[in-house]
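Here the structure comes first, spelled out in C-alpha cells, and everything after it is commentary.
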Number of protein chains: 2
Amino acid sequence: MKNTKDNKASGIPVPTIRRLPLYHSFLLTIKNKERKYISAPDIANELQIDPTQIIKDFSYLNVKGKTKVGYVTSVLIKILEEFLGYHISRKAFIVGIGNLGSALIKYHRFHNEGMEITAGFDINPEIINTKTNNLKLFHIDQFQEKINETPVDIGIIVVPADQAQKIADLMIKSGVKAIWNFSGTPLSAPDNIIIENTSIDSGLAMIKWKLHENKPLIYKNRML
Amino acid sequence: MKNTKDNKASGIPVPTIRRLPLYHSFLLTIKNKERKYISAPDIANELQIDPTQIIKDFSYLNVKGKTKVGYVTSVLIKILEEFLGYHISRKAFIVGIGNLGSALIKYHRFHNEGMEITAGFDINPEIINTKTNNLKLFHIDQFQEKINETPVDIGIIVVPADQAQKIADLMIKSGVKAIWNFSGTPLSAPDNIIIENTSIDSGLAMIKWKLHENKPLIYKNRML
DNA sequence: TTTTAATAAAGAAATATTTCTTTATTAAGA
DNA sequence: TCTTAATAAAGAAATATTTCTTTATTAAAA
Ligand SMILES: NC(=O)c1ccc[n+]([C@@H]2O[C@H](COP(=O)([O-])OP(=O)(O)OC[C@H]3O[C@@H](n4cnc5c(N)ncnc54)[C@H](O)[C@@H]3O)[C@@H](O)[C@H]2O)c1
Ligand SMILES: NC(=O)c1ccc[n+]([C@@H]2O[C@H](COP(=O)([O-])OP(=O)(O)OC[C@H]3O[C@@H](n4cnc5c(N)ncnc54)[C@H](O)[C@@H]3O)[C@@H](O)[C@H]2O)c1
C-alpha cells in the first residue's frame, strides 16, 4: 500500500535498468556510423527486443522520440550515461586477485562506466606489494588501513566461496556501501548494505535447462 | 491462451532456475557439516530469502519436505543436480582466450556442473597451438574443422564486442545449439539458437543505481 | 496540398513472480 | 496422552513486467 505509491514514483523496473548498458553499448556503434537518428524498430531489429519494450524503457528516462524519425542518438546516449552515472566516478577495492579478479582489474570498461578500482587485496605472498595493470596489491590485513586513507563505496569480492562471507564482514565493518559478489555464494549483510550477486553459474543453469527442455519461454525478449 | 496452458505444464519460473545453483552451493556446505535435515527457514536465514519462496522453488522440483523437520539434505542435493543436469556433460568451445576467457577456462566448477570445454580459439598467434590449463588452443579459422571432429552443443564468446556477432554467425553455421555471450553486446540469431547473455555491466548498472537512489526495491528478495 | 505509412505514446491487458494467508501435519515437550 | 510450536503445502493476493491495442503525430511520397 505504501510501497505501491513509492514505486510508482521511482518506478523504473529492475530489468529495464539491466538493459540500459546494452542499449548504451549498441548506441555507441550507431553514433560511430554518424547516424543522427535511431528508431525503436531499428534498435529492436538489431537487439531482438520488442520495439514497444524499448520505447517503454526509454520513457522511464523521460526521453521523447519524434514520430516517424525516432530518437536523437547523441541525446539518447547522453541521457543513458547520466542515468547510469557514468560521469560520477565511484571508488572500489577488489579482494581476490586470482583468475577472475585479474580479469576484472584489466576490464577497461569499468572506467568508462564510472567505477575506479583503486587497490587490490589478496593473501598470496607472491603477489602482495606487486602491481597488476598498474594497480597496487596489498595483503588483506591492510584493508582497513587502506580504506581509512582513501574511502571507497564499492567492495568487489572474487575470493573462493568459503572465504566470501569473511571478506564481506570485513568490508561492512570498514564502511563500504555496496558489495559486488562474484563468489557464487550468497552473503549475509544488514539491510542498508547493497549486495549485487553476479553468478556465472546461474547462466550455465539457464543454458543447460534450455538445452534440455525444448519449450520456449513465454516472454519473448528475455535478454537478461 | 495456448501459452498459458503450456507454461502451467512446464511451469518453472526463470528466477527460480537462476536461484537453484545458489541453493546447491549452500547445501553442499550443509552436507559437509553432516546435517541430515535442513528446513526452509534455516536456508532462508542464511541466504536472506523469504522461506516461502524457497518452499515454492523446491515444490517446482516436486521435492516434498517433512513438517517440523524440513528437507533431507542429500535428497535435495541430488534432485537439484539432476534438474540442473550436472550429471549430463555437455561439450563446449570457447572463443577469445584473453583475460576473461582464460579465467573461464580455469574455472573448475564448470566441470562439476556438467560443461566440458574441449577446445579454445583465438587469433593471437602467440597463443595458438599452445595450451592453457591443459586445453588446446587453435586459430579461429580451424573452428569448423574442429567442431566436425568433435561436435559441441555450447559456444562461449569472450571476444571484444565488435567481433562477437561474427563469431556467433560462425558458431551458428557450425551447428552449436547454445551460445553463451560474455561480450556485453547483444547478438542476432535464429529463434532455435539458445542465447544466454552474461552482462557484467548490468551488475555495475544496478550497483550504481542503488548507490544513487536510496529507495529499496519492492520485492525484498531480489538476489539475481 | 493531400495521402500514406512509419513511428512514438499511452494505457489496457496478459503474463510472471513474489509475498501473504490459511490449513494441515507432526515432532517434541508437558 | 495431550498440547504446543514449528514447519510445509496450497492457494489467494499483491506486485512487477511484458506485450498488445489504440491513438496521435508527422515526414515523405503522391
Ligand atoms: N574463474 C572464473 O571464471 C570464475 C567464474 C565465476 C565465478 N568465479 C568465482 O570467483 C572466485 C574466484 O575465482 P578464481 O577463479 O579467480 O579463483 P582463484 O583461486 O584464481 O583466485 C582466488 C584468489 O583469492 C585469494 N584469496 C583466498 N582467500 C583469500 C582471503 N581470505 N583474502 C584475500 N584473498 C584471498 C587467493 O589467493 C587467490 O588469489 C571464486 O569464488 C569463484 O567461484 C570464478
Ligand atoms: N575482462 C573482464 O573482466 C570482462 C568483464 C566483462 C566482460 N568482458 C568482455 O569479454 C570480452 C573479452 O574481454 P577480455 O578482457 O578478455 O579482453 P581481451 O582483449 O583480454 O581478450 C579478447 C581475446 O579475443 C581475441 N580475439 C579478438 N578477435 C578475435 C576473433 N575474431 N576471433 C577469435 N579471437 C579473437 C583476442 O586475441 C583476445 O585474446 C569483451 O567483450 C569484454 O567486454 C570482459
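We name chains A, B, ... by the order of the sequence lines, and we start the count at 1 in each one. Because only heavy atoms are used, hydrogens play no part in the values below, and waters and symmetry mates are left out as well, while side chains stay in. Here the structure is a predicted model, which is why all the values come from computation and not from measurement.
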Is any NZ, NE, NH1 or NH2 atom of the basic residue among B:D153 and B:K91 found under 4.0 Å from an Asp or Glu carboxylate oxygen of the other?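 Looking at B:D153 and B:K91, the cut-off is not met.
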
Does a donor on one side chain and an acceptor on the other come within less than 3.5 Å for B:E81 and B:H87? no

Is there a donor in the side chain of B:Q53 and an acceptor in the side chain of B:K56, or the other way round, less than 3.5 Å apart? no

Tell me whether the rings of B:F58 and B:Y71 are parallel (<30°), tilted (30 to 60°) or perpendicular (>60°).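 Judged by the thresholds at 30° and 60°, the geometry between B:F58 and B:Y71 is perpendicular.
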
Between B:W180 and B:F182, what is the ring plane arrangement, given parallel below 30°, perpendicular above 60°, and tilted in between? tilted

Just how far, in rounded Å, is [atom2] of [N] from [atom1] of [X]?
{"X": "A:I55", "N": "D:dA24", "atom1": "CD1", "atom2": "C1'", "result": "13 Å"}
{"X": "B:K66", "N": "D:dA6", "atom1": "NZ", "atom2": "P", "result": "19 Å"}
{"X": "B:K56", "N": "D:dA10", "atom1": "NZ", "atom2": "P", "result": "9 Å"}
{"X": "B:D50", "N": "D:dT7", "atom1": "CG", "atom2": "P", "result": "14 Å"}
{"X": "A:Y71", "N": "C:dT7", "atom1": "OH", "atom2": "C1'", "result": "9 Å"}

Using heavy atoms to find the nearest nucleotide of DNA chain D for A:T52 and A:P15 separately, return the residue whose nucleotide is more 5′.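 Its nearest nucleotide being more 5', the pick is A:P15.
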
Which residue lies more 5' along DNA chain D, comparing A:I49 with B:S39 via nearest heavy atoms: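 Its nearest nucleotide being more 5', the pick is B:S39.
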
Applying a 3.5 Å limit to both distances, which nucleotide forms a Watson-Crick or G-U wobble pair with C:dT22? D:dA9

Classify the side chain of B:K68 versus the base of D:dA5 as yes if they form a donor-acceptor pair under 3.5 Å and no if they do not. yes

Can you tell me which nucleotide in D:dT19, D:dA8, C:dT25 comes closest to the side chain of B:T67? C:dT25

Base, sugar-phosphate alone, or nothing: which one does A:K64 contact when heavy atoms must sit under 4.0 Å apart? sugar-phosphate

Within the 4.0 Å heavy-atom criterion, would you say B:F58 contacts the bases, only the backbone, or no part of the nucleic acid? nothing

Can you see if the side chain of A:R19 gets near the phosphate of D:dT18 - specifically, an N or O under 4.0 Å from OP1 or OP2?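 Looking at the OP1 and OP2 atoms of D:dT18, one of them is under 4.0 Å from a side-chain N or O of A:R19.
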
5′-ward residue of the pair B:T16/A:A40 relative to DNA chain C: A:A40

